[in-house]
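Quick note on labels: first sequence line is chain A, next is B, and so on, each numbered from 1. If you're wondering where the values come from, they're calculated on a predicted model, not measured in any experiment. What you see below is based on every heavy atom in this structure, not just the backbone, and it leaves out hydrogens, waters and symmetry mates.
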Amino acid sequence: MDIFSGQSRIYFMPELPEVETIVGGLKLELTGKKVKEFVFLSPHLKKKQPPSALSPDSYRGKRIKEIWRRGKRIIISFDSHEGLLIHLKMTGQLYLANPDQPVDKHTHARLRFSGMKKELRFRDIRKFGYLNCLKIAEIKEKVSAELGPEPLEIEFGDFSRLLKQYGKKRIKSWLLDQKIIAGIGNIYSDEMLFRAGINPERPAGQLWEEEARKLYRAMKALLRQAIKLKGSSVSNYVDLFGEKGEFQKVHRVYGKEGELCPHCRTAIRRKKINGRSSFFCPVCQPLKSGQE
DNA sequence: AGCCCATCCTGTCCGC
DNA sequence: TGCGGACAGGATGGGC
């Protein structure tokens with residue numbers, strides 16, 4: 001498939017459901033595989049390694065033990081102390097390719113495995129992403145220090161407590177803050193606020209109990225639905241980036257400035273909130289909650 | 001505490 | 001047709 005055909009101005013911007021789908025594919029394909037060769041193809045990834053990083057050479061002969069996701073990050077552990085910590089940011093991609101398929105200037109790493117025809121590649125047009133070679137213990141530490149709870153695991157009591165704790169933040173930036181809750185990006189935050197009928201500029205701590213519950217439910221339902229749609233729409237994980245297939249089914253406001261709200265037919269508005277564009281319906285998501 | 005702005009980077013789009 | 005500038009955004013870090 002051609003994921004770069006430019007039908008949409010929005011590239012990939014993987015958030016929790018996309019990363020979950022990618023990880024699902026990686027698990028199926030790569031668990032137990034032994035590294036034959038691991039090389040950086042451009043200086044970019046090397047520059048992004050922290051001082052404690054391991055050399056890519058030290059992965060040779062090591063077997064992949066586990067692959068999982070935490071927030072938007074992908075973690076790969078090996079049968080020794082090595083690990084890989086990957087963040088795709090906006091335009092990063094992981095995909096399998098035949099080694100004879102040419103690499104372009106945006107492909108920054110390749111990973112070959114014994115007895116496996118295809119190789120894993122890391123590609124990233126805007127170079128915001130990273131693939132760090134670190135001890136798995138260090139990755140686990142880093143990730144738990146930097147990320148809040150998983151939105152699909154958090155219970156309402158904790159969700160509610162966090163709303164109060166960071167209550168002065170506007171709810172949109174509250175949702176985007178990975179230290180508060182991990183894995184939600186600009187698209188899904190707008191979509192869940194729309195579903196919950198909450199204006200993105202409302203202070204987090206000022207949501208009424210009923211609104212907090214609505215948001216909590218919308219968050220879980222939307223993320224689960226997105227994961228399910230992605231999981232069912234792809235047979236091969238190479239397909240899983242971008243805006244193809246079922247993804248649009250969960251897209252109601254994001255990127256739809258000027259289009260009509262599916263509930264009330266008012267024009268969807270776009271506004272910068274904390275430097276991020278936010279899309280919302282001014283009628284279904286009023287700035288005043290209607291209870292004051 | 002939380003907002004604002006700049007930074008990183010490249011491709012795309014708009015106006016002249 | 002071509003060029004320059006604005007824009008997009010996840011995360012971080014400095015200033016207020």
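For A/His44, no side-chain nitrogen or oxygen approaches OP1 or OP2 of B/dC8 to under 4.0 Å. Taking side-chain N and O atoms only, A/Gln178 has a distance below 4.0 Å to OP1 or OP2 of C/dA11. For B/dG11, the OP1/OP2 oxygens have no side-chain nitrogen or oxygen of A/Lys127 closer than 4.0 Å. For the OP1/OP2 pair of B/dG11 and a distance below 4.0 Å, the side-chain nitrogens and oxygens of A/Thr91 include no atom meeting the criterion. Note on A/Arg270: a side-chain N or O is less than 4.0 Å away from OP1 or OP2 of C/dA8. Side-chain N/O atoms of A/Lys89 include none lying less than 4.0 angstrom from OP1 or OP2 on B/dC9.
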For nucleotides 3-6 of chain B, tabulate all protein N/O to nucleotide N/O atom pairs closer than 3.5 Å, reporting atom names and distance.
residue, atom, partner, partner atom, Å
B/dC3, OP1, A/Arg170, N, 3.0
B/dC3, OP2, A/Asn274, ND2, 3.2
B/dC4, OP2, A/Arg170, NH2, 3.0
B/dC4, OP2, A/Asn274, OD1, 3.4

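Rounded to whole angstrom, the span from the CZ atom of A/Arg126 across to the P atom of C/dC7 amounts to 14 Å.
Residue A/Lys47 is classed as having no contact, given no heavy-atom separation below 4.0 Å to the nucleic acid. Residue-level contact check: A/Lys48 touches neither bases nor backbone, having no heavy atom under 4.0 Å from any strand. Nucleic acid contact class of A/Gly167 (heavy atoms, under 4.0 Å, all strands): sugar-phosphate only.
Screening residues 49-69 of chain A for ring pair (Phe, Tyr, Trp, His ring centres under 6.0 Å) gives A/Phe38-A/Tyr59, A/Tyr59-A/Phe78 as the qualifying pairs, with residues at least two apart or on separate chains. Listed by first and then second residue, the ring pair (Phe, Tyr, Trp, His ring centres under 6.0 Å) pairs involving residues 154-180 of chain A are A/Phe156-A/Tyr216, A/Phe159-A/Trp174, A/Phe159-A/Tyr216 (not counting sequence neighbours). Residue pairs that meet the salt bridge (Lys or Arg N to Asp or Glu O under 4.0 Å) test with at least one member in residues 150-161 of chain A, sequence neighbours left out, are A/Arg69-A/Glu150, A/Arg70-A/Glu150, A/Asp158-A/Arg161. Sequence neighbours left out, the pairs with a member in residues 38-47 of chain A that pass side-chain hydrogen bond (donor to acceptor under 3.5 Å, both in side chains) are A/Ser42-A/His108. Sorted by first and then second residue, the salt bridge (Lys or Arg N to Asp or Glu O under 4.0 Å) pairs with a member in residues 71-90 of chain A read A/Lys62-A/Glu82, A/Arg73-A/Glu146; sequence neighbours excluded.
The overall bend of the helix from B/dG2-C/dC16 to B/dC16-C/dG2, read as the angle between its terminal helix axes built from five base pairs each, is 50° when rounded to 10 degrees.
Among the nucleotides C/dA8, C/dG10, B/dG2, the one closest to any side-chain atom of A/His87 is C/dG10. With distances taken from any side-chain atom of A/Tyr254 to the nucleotides B/dG2, C/dG9, B/dG11, the minimum falls on C/dG9. Taking only side-chain atoms of A/Lys272, from C-beta outward, the nucleotide of C/dA8, B/dT10, C/dG10 with the closest atom is C/dA8. When each of C/dT12, B/dT10, C/dG10 is scored by its nearest atom to the side-chain atoms of A/Phe128, the top-ranked nucleotide is C/dG10.
Qualifying side-chain hydrogen bond (donor to acceptor under 3.5 Å, both in side chains) partners for A/Glu138, counting only residues two or more places apart in sequence or in other chains: A/Ser52. With sequence neighbours left out, the side-chain hydrogen bond (donor to acceptor under 3.5 Å, both in side chains) criterion links A/Arg213 to A/Glu209. Residues satisfying the ring-ring contact (aromatic ring centres under 6.0 Å, His included) criterion with A/Phe279, sequence neighbours excluded, are A/Tyr254.
Taking a 6.0 Å sphere around NZ of A/Lys135, one finds it holds 12 or fewer heavy atoms contributed by other residues, nucleotides or ligands.
Side-chain atoms of A/Lys172 and A/Glu201, non-hydrogen and from C-beta on, never get closer than 4.5 Å to each other. Using a 4.5 Å heavy-atom cutoff, the side chains of A/Glu29 and A/Phe113 are not in contact.
Non-hydrogen atoms lying under 4.0 Å from DNA chain B are contributed by nothing in residues 142-153 of chain A.
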Considering only distance and modelled atom types, tabulate donor-acceptor pairs under 3.5 Å from the side chains of residues 258-269 of chain A, sequence neighbours left out.
none

